[in-house]
Amino acid sequence: MKINDINIMVIEDNDLQRLLVVKMLYTLGVTSILDTDNCKQALEVLRVANVRPVDIAICDLKMPEMDGMEFLRHLGQEQHNISVIIISALDSKLLASVGKMAQAYGIKLLGIIEKPVLLGQLKALISKCESLDSKQRQLIAAVPIFSLEEILLGIRAKQFEPFFQPQVDLKTGQVTSVEALARWIHPERGVINPYAFIPLLEQSDKIDELTFIILEKAASACRVFRDKGYALSVSVNLSIVSLTDTTLADRIIQAVRKTGADPHDITLEIIETAAMTDVAHALENLARLCMEGFSLSIDDYGTEYASIQQLTRIAFSELKIDQSFVKGFSDNKTLRIVVESSIEMAHRLQVKSVAEGVETQRDWDTLKNMGCDMAQGNFISPPMDLQAFIDYMALHNPAP
Ligand code: C2E
Ligand code: CA
């Protein structure tokens, strides 16, 4: 989608700030802009079917009458096929949870900008929308909404499993690692993706119940791979909220030991986020895990504010470039710059660069030429259950 085809709505009650954003949009080449000072009016416009559909809503959070949170809820419930950029002067921790809430409502959140809005930030987020074609944009959202109770019942009924997505060495074409991604195998609704349950579990401090199920199953799978002759490292996602508890590292070490897997074969992926307030506790956990032999990876690089400065004090061994920057990046000048500089940054830090969301041969080739180390994405394979992954390996990477 080209920038001059994008229809943007700006919702901001402060007249000066709204004008500034509109002006920036014109500077970026956006030609179709609607602006309003209240969310109620915005919703009314969105509900009128004969108006040209709005592609992106840029929305302030703190507004009289209907605030941004309520607006996001209506957007989710009414399933408007629209991407959202949140702008706000609220503190970054609160913004991060609003971001998660938006995702839980099934909203495609392009990103959050802390005021004052800068042209470069706006440009980077809008270019994410440019990289989506109309079909992809229709597929976005439609995440089913579950209550925390339903999710916890599902966990206790052992309905959660890791799915496995291969990661390929771009130089050799070999699968050298695999990411374990949580799936809820719902008895009535089939396979449910993490956006429908992770945010609620994180917000209610229950995420560890899931983390340890996925960790133990992934570590057991790691042993199975080894027994079959595959030297694969397995990556598991760790929520940053879990890191505030200083007993976490020991509990992880014990859980992995119990399965007989070697911590050297396990990478813990941690999302870089502004929401991390308890840096000392997090660093204590990470140092302990590192000493035990676990590898650490910075996940979804580029999507949040740079707490990376704090985190690089710890020996990270890999930086994962978020799929929203990688998908279709070869044909988008801004995204190319983001991806290329992320690869450079990884190499300067002497860590591996991993691009996720690789969907085409062209993106694969461009990444290879840019010197990216590893690729993960549907071009290689979507995530699959353990048996399907074992079959995949037998077919594509037969053991020596
Ligand atoms: P993530 O860690 O960034 O994982 C990559 C996501 O991108 C996965 O979505 C994967 O299925 C998807 N993906 C990979 N390649 C492609 C591609 O080529 N195209 C497209 N369109 N998508 C691709 P998934 O599995 O829905 O996971 C979403 C997020 O949920 C993960 O993002 C991760 O942050 C979180 N998550 C998943 N499992 C766990 C878990 O066990 N614990 C925690 N705390 N978070 C988890
Ligand atoms: Ca991940």
Side-chain angles (χ1 to χ4, degrees), residues 96 99-100 103-104 106 108-109 128 131-133 135-144 151 155 160-168 177-184 191-219 221 234-243 248 252 255 266-273 275 295-304 318-329 354-364 367 374-385 389:
K100 294 228 166 89
Q103 279 170 345
K108 168 70 185 166
L109 185 65
K128 284 190 186 177
S131 70
L132 303 174
D133 63 31
K135 199 164 151 218
Q136 278 175 317
R137 289 180 327 113
Q138 273 159 22
L139 286 174
I140 283 168
V143 178
I151 298 169
I155 291 182
F160 286 72
E161 293 281 337
F163 268 33
F164 296 89
Q165 188 173 36
Q167 298 178 335
V168 174
S177 47
V178 55
E179 178 173 5
L181 293 153
R183 294 288 181 272
W184 182 359
V191 179
I192 310 285
N193 285 359
Y195 293 117
F197 49 84
I198 301 262
L200 258 184
L201 288 171
E202 284 182 343
Q203 280 156 31
S204 52
D205 267 339
K206 300 278 187 213
I207 187 70
D208 283 358
E209 291 204 28
L210 178 70
T211 305
F212 280 88
I213 291 173
I214 302 299
L215 178 69
E216 279 167 30
K217 293 196 177 206
V234 178
S235 298
V236 175
N237 293 279
L238 210 56
S239 290
I240 201 100
V241 291
S242 303
L243 288 168
L248 181 83
I252 290 181
I266 296 185
T267 299
L268 300 168
E269 296 191 2
I270 297 141
I271 296 179
E272 171 211 3
T273 173
S295 302
L296 303 175
S297 163
I298 296 184
D299 205 0
D300 290 3
Y301 177 66
T303 53
E304 297 242 12
E318 135 186 323
L319 195 147
K320 291 191 82 172
I321 309 161
D322 188 54
Q323 49 159 304
S324 60
F325 297 106
V326 176
K327 270 188 267 175
F329 83 104
V354 184
E356 58 185 358
V358 180
E359 290 187 345
T360 62
Q361 177 78 52
R362 189 165 152 68
D363 289 343
W364 168 285
L367 286 166
M374 306 280 298
Q376 176 183 347
N378 292 349
F379 178 62
I380 301 147
S381 164
M384 51 204 144
D385 66 27
F389 179 72

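Ligands are counted one by one from 1 in listed order, and the atoms in each one are counted from 1 as well.
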Flag Glu359 as yes when one of its N or O atoms lies below 3.5 Å from any N or O atom of ligand 1, and as no otherwise. yes
Ligand 1 to Asp299, heavy atom cutoff 4.0 Å, flagged ligand atoms 2 (O)
Working to the nearest 0.5 Å, report the span between CG of Leu215 and CD1 of Ile266. 6.0 Å
Under a 4.0 Å heavy-atom limit, does Leu210 contact ligand 1 with its side chain, its backbone, both, or neither? neither
Distance below 3.0 Å from the Ca ion (ligand 2): how many protein N/O/S atoms qualify? 4
Polar atom proximity, Ile198 to ligand 1 (N or O, under 3.5 Å): no
Yes or no on side chain to side chain contact (heavy atoms under 4.5 Å, CB included) for Glu359 and Val326, after CA distance, side-chain angles and deciding distance? CA-CA 9 Å; Glu359 290 187 345; Val326 176; over 6 Å; no
Passing option when Leu268 is tested against Leu238, Leu243, Asp299, Asn237 for side chain to side chain contact (heavy atoms under 4.5 Å, CB included): Leu238
Using a strict cut-off of 4.0 Å, indicate which atoms of ligand 1 neighbour a heavy atom of Gly357. 15 (N), 16 (C), 17 (C), 18 (O)
Applying a strict 4.0 Å limit to heavy atoms, is Phe379 in contact with ligand 1? no
Could you tell me whether the side chains of Glu318 and Ser297 share a donor-acceptor contact shorter than 3.5 Å? yes
Of Ile270, Ile207, Asn237, the one whose closest heavy atom lies nearest atom 40 (C) of ligand 1 is Asn237
Checking side chain to side chain contact (heavy atoms under 4.5 Å, CB included) for the pair Phe160/Ile192: CA distance, chi angles, key distance, verdict? CA-CA 9 Å; Phe160 286 72; Ile192 310 285; over 6 Å; no
Side chain to side chain contact (heavy atoms under 4.5 Å, CB included) evaluation trace for Gln165 with Asn378: CA-CA 9 Å; Gln165 188 173 36; Asn378 292 349; 3.6 Å; yes
When you look at Ile321 and Glu356, which way does the side chain to side chain contact (heavy atoms under 4.5 Å, CB included) test go after all the steps? CA-CA 6 Å; Ile321 309 161; Glu356 58 185 358; over 6 Å; no
Atom CD1 of Ile151 and atom CD1 of Ile198: how far apart are they, to the nearest 0.5 Å? 9.5 Å
Among Ser239, Pro382, Pro194, which one has a heavy atom closest to atom 27 (O) of ligand 1? Pro194
Separation of Lys320 NZ from Ile270 CD1 (nearest 0.5 Å): 12.0 Å
Checking Thr360 side chain against Asp363 main chain: does a donor-acceptor pair fall under 3.5 Å? yes
Interfacing atoms of ligand 1 (cut-off 4.0 Å, heavy-atom, Glu356): 3 (O), 4 (O), 5 (C)
Quick note on ligand 1: atoms under 4.0 Å from a heavy atom of Ile214 include exactly 41 (O)
Quick note on ligand 1: atoms under 4.0 Å from a heavy atom of Glu179 include exactly 2 (O), 4 (O)
For Gln376 and ligand 1, does the shortest N/O to N/O distance drop below 3.5 Å? no
Between Lys327 and Gly357 the two heavy atoms that sit nearest each other are CG-O, 3.3 Å
Approximate separation, where rounding is to 0.5 Å, of Glu161 CD and Ile214 CD1: 7.5 Å
Which residue from Leu181, Asn378, Asn193 reaches closest to atom 16 (C) of ligand 1 through any of its heavy atoms? Asn378
Filter on salt bridge (charged side-chain N to carboxylate O under 4.0 Å, His left out), then keep only pairs touching residues 205-215, sequence neighbours left out; what's left? Arg156-Glu209, Asp208-Arg251
Give, for atom CZ of Phe329 and atom CZ of Arg362, the distance between the pair rounded to the nearest 0.5 Å. 9.0 Å
Taking the minimum heavy-atom distance to atom 15 (N) of ligand 1, which of Glu202, Glu269, Gln165 ranks first? Gln165
Contact atoms of ligand 1, heavy-atom distance to Gln323 under 4.0 Å: 6 (C), 7 (O), 12 (C), 13 (N), 20 (C), 21 (N), 22 (N), 23 (C)
Fit a plane to each ring of Trp184 and Phe197, take the angle between them on a 0 to 90° scale, and name the class: parallel (under 30°), tilted (30 to 60°) or perpendicular (over 60°). perpendicular
Suppose I only count heavy atoms of Val358 and a 4.0 Å limit; which atoms of ligand 1 are within that range? 18 (O)
Heavy atom under 4.0 Å from ligand 1: found in Lys320's side chain, backbone, both, or neither? neither
With heavy atoms of Lys327 as the reference, note each atom of ligand 1 found under 4.0 Å away. 21 (N)
